[in-house]
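Taking it in order: structure first as structure tokens, then the write-up.
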There are 2 protein chains.
Amino acid sequence: MLTIGDLSRKTGVKIPTIRYYEQMGLLDAAERSEGNQRRYAAPERERLSFIKHARELGLTIEAIRELIDLSAHPERPCEEADRIAAEQLTAVREKIEKLRRLEKELKRIATRCAGDQIKDCYVIRALAHHEMCESDH
Amino acid sequence: MLTIGDLSRKTGVKIPTIRYYEQMGLLDAAERSEGNQRRYAAPERERLSFIKHARELGLTIEAIRELIDLSAHPERPCEEADRIAAEQLTAVREKIEKLRRLEKELKRIATRCAGDQIKDCYVIRALAHHEMCESDH
DNA sequence: TGGCCAATCTCTAGTCACTATAGAAAATGA
DNA sequence: TCATTTTCTATAGTGACTAGAGATTGGCCA
């Protein structure tokens with residue numbers, strides 16, 4: 001059995017975060033030692049790795065909860081799980097698109113400073129005047 | 001003079017957000033009407049547009065505060081402003097890179113479901129097993 | 001077996017950038 | 001004048017943690 005510290009080291013998830021996931025219902029309430037400390041075995045470790053991976057992919061706690069509920073019902077169709085992954089993919093693509101536009105704008109702003117005093121600073125002027133932007137955001 | 005509602009409509013910044021910016025010191029404490037309501041003129045509107053634009057570009061409140069402080073000293077060199085913009089650009093580029101890797105992973109996960117039941121679901125299996133991933137995240 | 005220190009426990013509060021709500025007061029239009 | 005809308009302040013909630021206080025437990029060494 002692993003202590004919470006062992007589990008943390010093995011998964012790379014911080015201790016308070018593990019307790020937080022338990023509180024949020026992503027992890028079942030852990031078994032306890034005689035002295036009331038949490039003890040974990042392999043299945044909990046796998047569950048935590050699942051959660052970590054999903055979080056790294058940007059899924060919300062809520063989405064992860066849905067997936068965990070789904071995986072508790074292996075006979076159900078997996079359309080729901082597909083939908084969650086597809087939604088996440090769409091969200092990620094939208095974020096990338098938005099950030100690309102920002103990158104363009106910032107590149108212009110950050111590399112084109114003509115004066116050397118604040119009063120002539122392109123950065124300040126560009127931020128003050130949206131109409132200097134080339135794309136919309 | 002504009003009421004807070006007028007200012008909100010003209011800039012697209014929500015009323016509570018305007019009050020929040022005032023509280024955070026990004027906007028000076030507004031003038032007040034006899035009945036204690038906030039009244040705004042052109043300079044405040046410009047300042048708010050500046051803040052909005054900077055926020056859309058992903059700058060933190062703290063970074064915006066720095067820029068505002070800088071713009072209050074027009075004789076200073078604009079290196080600081082350049083640095084803030086450049087840092088932001090780097091941060092945006094890093095975010096894009098990270099999201100690209102996630103997109104790749106999610107694309108694989110979301111489009112490759114073989115079975116039609118949860119027990120065979122690729123989404124669930126992929127999330128459980130990081131070693132199925134092609135890039136690191 | 002005692003002592004010690006690291007690890008763990010619970011609980012609360014803080015983070016960021018807002019957003020929402022409640023209850024009261026002011027402004028506006030009919 | 002009255003009703004409706006807008007604004008006011010103050011407080012609490014959001015998501016996903018992170019940090020801290022103060023108490024208890026675990027494991028090791030002598």
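The shown structure was predicted, so the numbers you read here are calculated from the model rather than taken from an experiment. A note on names: the letters A, B, ... follow the listed sequences, proteins ahead of strands, and every chain is numbered from 1.
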*Under a 4.0 Å heavy-atom cut-off, which of residues 5-31 of chain B touch DNA chain D?*
B:Gly5, B:Ile15, B:Arg19

*asked:* Quick check on DNA chain D: between A:Asn36 and B:Asn36, whose nearest nucleotide comes earlier from the 5' end?
replied: B:Asn36

*Less than 4.0 Å between a side-chain N and a carboxylate O, is that true for B:Glu44 and B:Arg47?*
no

_Rounding to an integer number of Å, can you tell me how far B:Leu2 CG sits from D:dT6 C1'?_
15 Å

_Carboxylate-amine/guanidinium proximity below 4.0 Å for A:Arg83 and A:Glu79_ = no

*Are A:Ile4 and A:Gln37 close enough that some pair of their side-chain heavy atoms sits under 4.5 Å apart?*
no

*Under 4.0 Å between a side-chain N/O of B:Arg55 and OP1 or OP2 of C:dC16, yes or no?*
no

*asked:* Heavy atoms from C-beta onward define the side chain here; which of D:dC8, D:dA16, C:dA7 lies closest to that of B:Ile4?
replied: D:dC8

*What is the distance from CD of A:Glu34 to P of C:dT8, rounded to the nearest Å?*
18 Å

*Report yes or no: do B:Leu59 and B:Met24 belong to one cluster of Ile/Leu/Val/Met/Phe/Trp/Tyr joined by side chain heavy-atom distances under 4.5 Å?*
yes

*C:dA17 C1' sits how many Å from B:Leu48 CG, rounded?*
15 Å

*Is there a side-chain polar atom (N or O) of B:Thr60 under 4.0 Å from OP1 or OP2 of C:dC16?*
no

_Side-chain N or O of B:Arg32 versus OP1/OP2 of D:dT9: is the shortest distance under 4.0 Å?_
yes

*Would you mind reading off the distance between B:Ile61 atom CD1 and C:dA17 atom P, rounded to a whole angstrom?*
5 Å

*Which of the following nucleotides, D:dC17, C:dA27, C:dC9, is nearest to the side chain of A:Gln37?*
C:dC9

_Looking at B:Thr3, I'd like to know whether one of its side-chain N or O atoms comes within less than 4.0 Å of OP1 or OP2 on D:dT7._
yes

*Please say whether more than 12 non-hydrogen atoms of neighbouring residues, nucleotides or ligands are located less than 6.0 Å from CD in B:Glu87.*
yes

*Protein-nucleotide distance (A:Ile64, atom CD1; D:dG15, atom C1'), rounded to Å*: 12 Å

*Ion pair present between B:Arg93 and A:Glu103, side-chain N to carboxylate O less than 4.0 angstrom?*
yes

*Does B:Arg19 come within less than 4.0 Å of B:Glu22, counting only side-chain N to carboxylate O?*
no

*Would you tell me if any nitrogen or oxygen in the side chain of B:Ser33 comes within less than 4.0 Å of OP1 or OP2 on C:dA26?*
no

*Any A:Arg38 side-chain N or O less than 4.0 Å from OP1/OP2 of C:dT8*: no

